[in-house]
Amino acid sequence: MTDKAWAKPVEMDRSSHTYREIIEQPAAWPRALAEARAQWHGVRDALGSRLDAPEIVFTGCGSSYYLSLAAAAQFRRKIARPVSVLASSELLLHSPVAFGAKRPYLLIAVSRSGETTEVIDALGFARSQHGAPVLAVSAYADKPLAMLGDARIVIEAGQEASVVMTKSYTSMLLALQTVAARLGGNPLDIALVDSQLDRLPGLLARLLPKYGPLAEHVGALPDIEKRIFLGSGPYYGLALEANLKMKEMAIVTSEVYHTLEYRHGPISIVDKNTLVVCFISDAGYDYEVALLPELKALGARLFVVCERANETITKNADFLVELSSGLDESTRAVLYLPFAHLIAYSCAVSRGETPDNPRNLGQVVKLR
Ligand code: F1P
């Protein structure tokens with residue numbers, strides 16, 4: 001059952017800009033949605049019929065690669081065309097085996113900074129070798145990526161002082177959900193999606209005070225040695241990002257899998273010092289929930305985020321976030337991530353790390 005010890009806030013330093021950027025997501029999201037909607041007409045005018053390319057390819061690095069995976073899942077719900085995702089280095093260096101034969105597509109290049117060398121070089125490769133038009137998605141208008149794109153969506157609400165991406169990821173994901181609806185082209189669906197996305201900031205504003213202390217308590221648990229993140233479908237890109245936050249902020253090893261993949265070998269390491277963070281979907285609900293008692297039987301501590309908890313979840317989740325959003329699994333996807341941000345942040349601070357200055361990391365990877 002849920003550990004009530006978390007009811008009192010964890011004593012920790014919250015003065016960092018990383019923490020501030022995590023908790024200001026309810027304020028950032030309306031801005032991100034407004035920025036995306038305001039720029040859509042410019043994108044449509046700049047790309048014209050090139051928006052109707054037979055395939056869409058996302059590319060990015062690090063968090064922006066994981067964001068691309070999450071965004072692609074959103075796009076596949078709204079458009080009938082193939083949507084592919086490649087880490088920028090794969091597109092740039094291994095396209096024959098990573099992408100396949102040359103074929104027409106629209107490239108959507110994602111980068112918070114707009115300066116990551118691999119993304120910029122991948123844009124140049126796609127343009128010169130594949131003749132692909134490019135939609136750039138970034139937080140900065142005056143950096144190379146946005147300036148090189150044939151069109152751009154700049155989400156200034158995602159601008160961060162932090163090295164690690166938090167609100168930038170969720171803000172750009174919301175922007176891409178806004179674009180996905182518009183590419184679908186149905187005015188009624190666009191209006192419905194916009195109205196649903198507009199509910200997310202208020203939902204998070206309610207959920208953060210309710211469950212944030214729980215996440216911070218879990219991050220600070222002293223006897224956790226292994227940390228596993230599980231997510232599938234629209235949540236796999238989110239689970240990858242949650243895992244990266246844990247690595248980047250807390251400087252610990254952690255692992256991430258498609259939820260049901262976990263049984264196929266990696267589950268062997270689970271013990272009483274293992275925390276498993278599970279992002280429960282709607283489409284996979286019964287199958288994903290069935291894994292929980294198996295993990296508990298092996299001694300794992302379970303942090304479960306779901307829309308609604310059934311009896312199995314309530315019985316097996318040590319720590320439970322029930323979103324009760326009233327939204328479908330894809331539309332509500334961003335709501336899962338802030339709790340993982342707080343788990344990672346709290347774990348970092350409890351281990352004496354400084355998330356504002358993570359070891360071995362810089363805000364941008366430049367190769368020259
Ligand atoms: C991509 C990235 C980040 C990572 C670090 C280095 O940045 O890999 O995901 O956390 O900051 O850069 P960007 O291309 O989205 O600016």
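Remember, it's a predicted structure, so these values are computed and weren't measured experimentally. Each ligand, and each atom within it, is numbered from 1 in the order the structure gives.
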Taking heavy atoms and a distance under 4.0 Å, where does R112 meet ligand 1: side chain, backbone, both or neither? both

Is it the side chain, the backbone, both or neither of E248 that has a heavy atom closer than 4.0 Å to ligand 1? side chain

Hydrogens and angles aside, do [X] and [Y] bring a side-chain donor and acceptor to less than 3.5 Å of each other?
{"X": "D198", "Y": "S195", "answer": "no"}
{"X": "S64", "Y": "S111", "answer": "no"}
{"X": "Q159", "Y": "S168", "answer": "no"}

Whether F125 and H130 hold their rings parallel, tilted or perpendicular, with breakpoints at 30° and 60°: perpendicular

Which atoms from ligand 1 have a heavy atom of V163 less than 4.0 Å away? 10 (O), 11 (O)

Show me which atoms of ligand 1 lie under 4.0 Å from any heavy atom of C61. 1 (C), 8 (O), 9 (O)

Residue, atom name and distance, where the atom is the protein heavy atom closest to [atom]:
{"atom": "atom 14 (O) of ligand 1", "answer": "T116 OG1, 2.5 Å"}
{"atom": "atom 12 (O) of ligand 1", "answer": "Q363 O, 3.5 Å"}
{"atom": "atom 8 (O) of ligand 1", "answer": "G62 CA, 3.7 Å"}
{"atom": "atom 3 (C) of ligand 1", "answer": "M165 SD, 3.9 Å"}

Assess whether salt bridge (Lys or Arg N to Asp or Glu O under 4.0 Å) is satisfied between E24 and K167, documenting all intermediate values. CA-CA 8 Å; E24 71 184 12; K167 70 169 182 175; 2.6 Å; yes

Please report the C-alpha distance between D356 and R20 in whole Å, then the side-chain angles of each, then the deciding distance to 0.1 Å, and finally whether the salt bridge (Lys or Arg N to Asp or Glu O under 4.0 Å) criterion is met. CA-CA 11 Å; D356 278 359; R20 173 173 47 76; over 6 Å; no

Please state which option from S64, S63, S68 has its nearest heavy atom closest to atom 15 (O) of ligand 1. S64

Decide whether the shortest distance between a heavy atom of G362 and an atom of ligand 1 is less than 4.0 Å. yes

Looking at K366 and E118, does any basic side-chain N land under 4.0 Å from a carboxylate oxygen? no

